[in-house]
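Below is one structure; the comments refer to it alone.
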Amino acid sequence: MDARFALIQAHDDSIRRYRRLLNTPLTDLEREYIESRISEKRLTLQSIREARGKVNALPANRGG
């Protein structure tokens, strides 16, 4: 399994877990914390995906 894929999968799993928590009784503070964590995870996923695009755009080393 590609390390980047595993990292993306872990962040996706965390987002799903946090979203399930939002469906439970929470204090305003808890809800705010979970929503901020979801936002952080989404930003991280976006960064990982953008970095992948930049790596794929680099020219191959032709050995010369």
Side-chain angles (χ1 to χ4, degrees):
M1 180 186 301
D2 180 85
R4 186 177 295 122
F5 177 77
L7 188 58
I8 289 171
Q9 188 67 40
H11 285 288
D12 279 338
D13 291 345
S14 293
I15 291 170
R16 279 192 289 278
R17 185 173 52 255
Y18 288 135
R19 290 182 64 112
R20 280 194 309 270
L21 283 172
L22 288 176
N23 292 323
T24 65
L26 300 169
T27 65
D28 290 342
L29 184 61
E30 291 168 329
R31 185 168 302 283
E32 184 178 319
Y33 173 78
I34 291 171
E35 288 171 349
S36 72
R37 295 295 296 157
I38 290 172
S39 180
E40 289 172 12
K41 293 290 182 183
R42 286 181 176 158
L43 286 172
T44 301
L45 280 173
Q46 181 180 351
S47 295
I48 293 168
R49 290 180 174 128
E50 287 174 359
R52 181 185 67 190
K54 289 176 185 173
V55 169
N56 290 341
L58 293 175
N61 184 354
R62 303 283 180 191

Partners passing salt bridge (charged side-chain N to carboxylate O under 4.0 Å, His left out) against Arg37 (at least two apart in sequence or in another chain): Glu40
Salt bridge (charged side-chain N to carboxylate O under 4.0 Å, His left out) partners of Arg16, counting only residues at least two apart: Asp13
Considering all heavy atoms, the nearest Tyr18-Ile34 contact: O-CG2, 3.5 Å
side-chain hydrogen bond (donor to acceptor under 3.5 Å, both in side chains) partners of Ser14, counting only residues at least two apart: Arg17
Pairwise distance OH(Tyr33) to CG(Leu21) - rounded to 0.5 angstrom: 10.5 Å
From NZ (Lys41) to CZ (Arg19), nearest 0.5 Å: 15.0 Å
Salt bridge (charged side-chain N to carboxylate O under 4.0 Å, His left out) contacts touching residues 21-33 (sequence neighbours left out): none
Single-linkage hydrophobic cluster, 4.5 Å side-chain cutoff, Ile15 and Leu43 together: no
Heavy-atom side-chain contact between Thr44 and Leu7 under 4.5 Å: no
All side chain to side chain contact (heavy atoms under 4.5 Å, CB included) counterparts of Ile8, not counting sequence neighbours: Arg4, Asp12, Leu45, Ile48, Arg49
